[in-house]
Amino acid sequence: MGSLLKCYKPLFPIRSSPISNSLRSLHHHSHAFKINSNNRNCRIRNSISCLGTLGSASKPAIHVRNCSAGTAEKPRSELWLYNTMNREKELFKPKVAGKVGMYVCGVTAYDLSHIGHARVYVFFDVLYRYLKHLDYEVCYVRNFTDVDDKIIARANELGEDPISLSRRYCEEFHRDMVYLHCLPPSVEPRVSDHMPQIIDMIKQILDNGCAYQIDGDVYFAVDKFPEYGRLSGRKLEDNRAGERVAVDSRKKNPADFALWKSAKEGEPSWESPWGPGRPGWHIECSAMSAAYLGYSFDIHGGGMDLVFPHHENEIAQSCAACHQSNISYWVHNGFVTIDSEKMSKSLGNFFTIRQVIDLYHPVALRLFLMGTHYRSPINYSDLLLESTSDRIFYIYQTLHDCENVLGLHDAASQADSIPPDTLNCINKFHDDFVTSMSDDLHTPVVLAALSDPLKTINDLLHTRKGKKQQLRIESLAALEKIIRNILSILGLMPTSYSEVLQQLKEKALKRARLTEDQVMQKIEERTTARKNKEYEKSDAIRKDLAAVGIALMDSPDGTTWRPAVPLALQEQPVAAT
């Protein structure tokens, strides 16, 4: 084979794709690495230094056990991940102590991303955040496919340059990720910027006798890789030309896939030893992951639909280029479904992220996606989005009320010891968090565990018994802190409780097709009806508003409103998830 040294280091000089500074500035969270644009010609060492230095921003500390002393225990450094390759959960052990290399297959940028994409990148954002919480230095690489058949077809349809069209949708994707509180990855390479690396890898595969040329096309010979099918569990005789695997009678085996495609009229192309052309879909990720992480790294991830053929082909071509190629953990998330059918652009049954967040707050969408374990399917429905939106409003309203009360007391009074019952509640919540996240990132259990500390806060804020409890303010401060820290780790912490509550109300009004003034007018009409003892009219107004998701709340200070799950939706059966 080619120079063996190439197996132990990333192959190529690095060129990182530019990312909009204006979009990055919208992130209120720091990330582990900054890309050094002046360092494009350096080679990345196998220690996963990833072209940058560790950021100085601190991660949230979880306040547990000895709350009265103001100390924090170091979280357990144990994490079990389900490995698709071995079909079981395995204890996570990085190749280099204290450092993690993670590659996640990015979008093919030819249209707005749908919520199936959102699920992929929200989950891997949670994994990224949790690894950082466990004190790992993480190099997170997520690519853009900006050279592809679908991009070319869409560009031709619109009369636009394919690279220009793809660049535009890359920026739209960045906006979606900001809305969803996803941290930017360490590096975001694009195919169009990495042709030398891709060509070099194809040369190595040819030199090792695992590919062949036909009229300017280069195909990988799956017969040359005996372990082909191990990841997906498919037998070679079961494989056939599938998605993005062209049917071509010239191929030696129908399952052989293109590494390089000869140029066609009207398509973008690059010079190569086999003539002008462009890369096949699969080779791009192998070349870019090797360039930034080396041939041997920790985690490779994506949606379950990528297991075959994409990730199966990646394994084959990476091993053909370098016999020492090895990825420790293959991690895949389940689908978002509509009526139990996978959501996808090709099937035409998808909702874009923009369509959903036009009516629902982006954090509600993030919570919805985290409310089911990442490997299980999620069945999308308006009722589930409404329920999640209602839940996130309750969480932030509770924390906002708590913050208002704490604001009336100085910090010194909040630093004393807290009662045993409150301490037990905090420690149980912390233990549930650590246990659930360590067990293959079981976020639904963590979100369910929020109920007890939130209920305790509401009891302390609003019940007679709670208001009389000793060390009430100290308890509120400790409870708010543990919830805030865990929400930060999960990417669910807003910059302002009051701001996001107002946004949630605005979204609810939009779904109800009402304005704030119209709701206030209805409240005034109801108040008048009650004064006139017109209770039937009063009840009808309340019911009409409840039907569209506006709940009225009466108190000695008057009537206010908050978003709620519309009664009309509550009467519908819930599809199994």
Side-chain angles (χ1 to χ4, degrees), residues 59-81 89 91-92 126-127 129-135 366-367 370-374 387-388 390-403 405-406 414-463 465-493 497:
K59 60 180 177 56
I62 296 184
H63 207 72
V64 293
R65 304 301 171 200
N66 190 10
C67 292
S68 61
T71 60
E73 271 189 11
K74 183 179 178 63
R76 300 174 199 168
S77 58
E78 185 177 273
L79 172 62
W80 291 78
L81 282 176
K89 284 187 280 191
L91 182 62
F92 178 71
V126 172
L127 176 56
R129 288 169 179 270
Y130 193 63
L131 288 168
K132 290 170 67 178
H133 170 69
L134 296 179
D135 284 325
R366 183 181 177 98
L367 185 70
M370 294 169 59
T372 300
H373 188 254
Y374 77 91
S387 299
T388 306
D390 186 63
R391 179 65 176 170
I392 203 75
F393 188 92
Y394 166 75
I395 292 170
Y396 293 150
Q397 185 67 64
T398 300
L399 295 173
H400 177 59
D401 293 346
C402 183
E403 186 179 63
V405 171
L406 293 175
Q414 301 172 21
D416 296 329
S417 60
I418 58 176
D421 287 351
T422 303
L423 184 59
N424 289 339
C425 178
I426 289 171
N427 286 333
K428 182 180 184 303
F429 181 41
H430 170 261
D431 290 345
D432 287 343
F433 170 77
V434 172
T435 301
S436 303
M437 293 297 285
S438 296
D439 182 18
D440 200 26
L441 279 79
H442 223 301
T443 52
V445 178
V446 179
L447 298 175
L450 271 169
S451 296
D452 284 346
L454 288 169
K455 181 180 183 301
T456 302
I457 288 176
N458 275 309
D459 288 344
L460 291 168
L461 289 173
H462 304 299
T463 66
K465 181 181 178 181
K467 290 178 180 180
K468 293 178 181 179
Q469 183 173 308
Q470 288 187 335
L471 300 173
R472 171 175 174 260
I473 299 303
E474 291 78 3
S475 292
L476 286 171
L479 287 161
E480 193 271 343
K481 183 175 183 180
I482 183 72
I483 294 173
R484 172 166 31 89
N485 288 339
I486 287 178
L487 289 180
S488 295
I489 295 166
L490 297 176
L492 292 169
M493 188 64 194
Y497 296 136

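Computation of the quantities below employed the complete heavy-atom set of this structure, encompassing side-chain atoms and omitting hydrogens, waters and symmetry-equivalent molecules. In this text, all values refer to a predicted model and were calculated from it rather than measured experimentally. Note that the numbering runs from 1 along the sequence shown for the chain.
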To the nearest 0.5 Å, how far apart are [atom1] in [X] and [atom2] in [Y]?
{"X": "Leu479", "Y": "Leu454", "atom1": "CG", "atom2": "CG", "value": "9.0 Å"}
{"X": "Glu480", "Y": "Ile457", "atom1": "CD", "atom2": "CD1", "value": "7.0 Å"}
{"X": "Ser417", "Y": "Gln470", "atom1": "OG", "atom2": "CD", "value": "10.0 Å"}

Steps toward side chain to side chain contact (heavy atoms under 4.5 Å, CB included) verdict (Leu447, Leu367): CA-CA 9 Å; Leu447 298 175; Leu367 185 70; 3.6 Å; yes
Within the side chain of [X], is there an N or O that forms a donor-acceptor pair under 3.5 Å with the backbone of [Y]?
{"X": "Thr398", "Y": "Tyr394", "answer": "yes"}
{"X": "Thr422", "Y": "Ser475", "answer": "no"}
{"X": "Arg484", "Y": "Leu399", "answer": "no"}
{"X": "Ser438", "Y": "Glu78", "answer": "yes"}

With heavy-atom distances below 4.5 Å as the criterion, would you say the side chains of [X] and [Y] are in contact?
{"X": "Thr443", "Y": "His373", "answer": "no"}
{"X": "Asp439", "Y": "Lys89", "answer": "yes"}
{"X": "Leu492", "Y": "Tyr396", "answer": "yes"}
{"X": "Met437", "Y": "Val126", "answer": "yes"}
{"X": "Met370", "Y": "Leu490", "answer": "yes"}
{"X": "Thr435", "Y": "Val445", "answer": "no"}
{"X": "Asp452", "Y": "Phe429", "answer": "no"}
{"X": "Leu487", "Y": "Ile395", "answer": "yes"}

Derivation and outcome, side chain to side chain contact (heavy atoms under 4.5 Å, CB included), residues Val405 and Ile473: CA-CA 8 Å; Val405 171; Ile473 299 303; 3.8 Å; yes
Closest non-hydrogen atom pair, [X] against [Y]:
{"X": "Leu476", "Y": "Leu406", "answer": "CB-CD2, 3.9 Å"}
{"X": "Arg472", "Y": "Gly466", "answer": "CD-O, 3.3 Å"}
{"X": "Ser451", "Y": "Arg391", "answer": "OG-NH2, 3.0 Å"}
{"X": "Cys402", "Y": "Leu461", "answer": "N-CD1, 3.8 Å"}
{"X": "Gln469", "Y": "Pro419", "answer": "NE2-CG, 3.8 Å"}

Residue pair Leu471, Ile418: steps toward the side chain to side chain contact (heavy atoms under 4.5 Å, CB included) verdict: CA-CA 6 Å; Leu471 300 173; Ile418 58 176; 5.6 Å; no
Pair His133 and Tyr130, ring centroids less than 6.0 Å apart: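 Distance test on ring centres: under 6.0 Å, yes.
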Verdict with supporting geometry, Asp440 and Tyr374, side-chain hydrogen bond (donor to acceptor under 3.5 Å, both in side chains): CA-CA 9 Å; Asp440 200 26; Tyr374 77 91; 2.5 Å; yes
Residues Leu131, Phe92; criterion side chain to side chain contact (heavy atoms under 4.5 Å, CB included); working and verdict: CA-CA 10 Å; Leu131 288 168; Phe92 178 71; 4.0 Å; yes
